[in-house]
There are 2 protein chains.
Amino acid sequence: MDAKPYIAQRPKRADGRRNYDAILAAARKAFETSGADTSLEDVASQAGVAIGTLYRHFPTRASLVEAATRDGLESLVAHAERLAGGPDPLDSLIEWMREAVVHFSTFRGLVGILARSMYDEGTPSHAMCAAMRRGGADLLRAAQAAGRVRPDLTPEELFDLLNGAAWVREQAASGRDGSPRFLRLVLEGITIPED
Amino acid sequence: MDAKPYIAQRPKRADGRRNYDAILAAARKAFETSGADTSLEDVASQAGVAIGTLYRHFPTRASLVEAATRDGLESLVAHAERLAGGPDPLDSLIEWMREAVVHFSTFRGLVGILARSMYDEGTPSHAMCAAMRRGGADLLRAAQAAGRVRPDLTPEELFDLLNGAAWVREQAASGRDGSPRFLRLVLEGITIPED
DNA sequence: CATCAACCTGAGGAGTCCTCAGGAAATTCC
DNA sequence: GGAATTTCCTGAGGACTCCTCAGGTTGATG
């Protein structure tokens, strides 16, 4: 039996839910300003809660990151499913890639966590990463079937490219964001001109 | 006057040099196994030296990273200069890019430090990064002049691509190294076929 | 060999991580 | 309404790391 990762759940008791939500809100803010390695004691005090309470709801930092990014990544997966039936598979893929890059770089340190979660089942974010992988792979396959993306590109490679772009964007806190250009150059490398 | 960054120097006294070297050796090993955020107290004890001695020679973590990577990056810069006169500018550029990716991902966390140093003059590694930028830009310019690389690619963008590849390689500690393929895809996006 | 600058040591304050024993509050059940 | 019970909260505290600094030691120099 592989150790199943702990996935945070919104508690049933009213006070528990209140604190859970407050911690999550404080964590999102702290992650965005200080990165994934922000002080959890700060997060707790910012949420008006003792440190033990934070650890009760989120026993590991990874579980807190997972909970803080869950909604955003869920919507990304949903968007992939919506785009899957679109008329132009290449456009769909490109649009989704752009959105993915933004979501992966919500705060400093996130891409790294997601990249590791993709291949590590013992991680809270693994399930979400697997879902994203499926969504991205479907869009990729469709674009390849339409002859608009080189057929030898694998989903793993696609995510390497996405992660690279997201990482570049993550570093952009200090000025220029090279990720749009990065993505455009990458796309030139993997797409096939019409006709 | 902008605060000049501290650059570590090999001491003149024999005992100082001995410790300096021991710390550097221990740091290189620790960085490679535990990343740039390894414990400096461990590094010190591994070098057989008190923590204060480490801080005497390397007052900041960044100065230790700079010293630990100096030789490698210096040789990378030297290689760029040697390649600059080569017969095939595109080959030269590609060879240098491959080498750069390896050097940038010597240990986990290095690319991030270098990426920030590139644009932050208050950083020990800034001078080296600037030298690398010049070397890379020269090779890029030559390849562009030969009509083998898209002329709208800037050095900044080149380094974004290199850094992305290096980051992917850095994550590869846990299995597959996607950086060679990453680089090949990127190259398809930025090169121009002969004739 | 005496002088002095360079160097070394390691205790210690401050921050952070994470746990856990004891207390408080919400929910349930009668 | 009032236990009983389960869930939840608190915050002290041990372990770790960071970095500084006062005091002691040693190598280089003339």
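Closest to the side chain of I51(A), from the set dC18(D), dC8(D), dC18(C), is dC18(C). Listed nucleotides: dC18(D), dC18(C), dT9(C). Nearest to the side chain of E41(B): dC18(D). Distance from the side chain of Y55(A) is smallest for dC17(C) among the nucleotides dT17(D), dA5(C), dC17(C). Distance from the side chain of N19(A) is smallest to dC9(D) among dC19(D), dA12(D), dC9(D). In the set dC18(C), dC8(D), dG27(D), dC8(D) carries the atom at the smallest distance from any side-chain atom of D15(A).
Proximity of T53(A) to the phosphate of dT10(D): a side-chain N or O atom is located under 4.0 Å from OP1 or OP2. Under 4.0 angstrom from either OP1 or OP2 of dC18(D) there lies at least one side-chain N or O belonging to S39(B). For H57(B), a side-chain nitrogen or oxygen approaches OP1 or OP2 of dC8(C) to under 4.0 Å. Side-chain nitrogen and oxygen atoms of R61(A) include at least one within less than 4.0 Å of the OP1 or OP2 phosphate oxygen of dC17(C). The shortest distance between the side-chain N/O atoms of R56(A) and the OP1/OP2 oxygens of dC8(D) is below 4.0 Å.
Contact between G86(B) and S92(B) at its shortest, heavy atoms only, is CA-OG, 4.2 Å.
Under the 3.5 Å distance criterion, the side-chain polar atoms of S34(B) are left unmatched by any main-chain donor or acceptor of F31(B). T123(A) places no side-chain N or O within 3.5 Å of a backbone atom of H126(A) that could act as its donor or acceptor partner.
Spacing between atom CZ of F58(A) and atom P of dC17(C) amounts to 15 Å, rounded to whole angstrom units. Rounded to an integer number of Å, the gap from NZ of K12(A) to C1' of dC9(D) is 19 Å. Whole-Å rounding puts the Y20(A) OH to dC9(D) P distance at 12 Å. For the pair R18(A) CZ and dA26(C) P, the interatomic distance rounds to 7 Å; values are reported in whole Å. One interatomic measurement links the two molecules: CG of D37(B) to P of dC16(D), which rounds to 17 Å at whole-angstrom precision. The CG atom of D21(A) sits 15 Å away from the C1' atom of dC8(D) (whole-angstrom rounding). I23(A) places its CD1 atom 7 Å from the P atom of dC9(D), with the value rounded to the nearest Å.
Here P59(B) lies out of heavy-atom contact (under 4.0 Å) with every strand.
Of the two residues near DNA chain D, A50(A) and L40(B), the one whose nearest nucleotide lies more 5' is A50(A). The residue among G16(B) and T60(A) whose nearest nucleotide of DNA chain C lies closer to the 5′ end is G16(B). The residue among G52(A) and A14(B) whose nearest nucleotide of DNA chain D lies closer to the 5′ end is G52(A).
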TODO: Would you check, one step at a time, whether the test salt bridge (charged side-chain N to carboxylate O under 4.0 Å, His left out) holds for D91(B) with R148(B)?
DONE: CA-CA 10 Å; D91(B) 280 354; R148(B) 300 302 310 282; over 6 Å; no
Open item on the list: Between Y6(A) and F58(A), is the ring-ring contact (aromatic ring centres under 6.0 Å, His included) condition met? List the steps.
Closed with: CA-CA 8 Å; Y6(A) 180 87; F58(A) 308 98; 8.4 Å; no
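No donor-acceptor contact under 3.5 Å links the side chain of R13(B) to the base of dA28(D).
Using a 4.5 Å heavy-atom threshold, the side chains of W167(B) and V111(A) count as touching.
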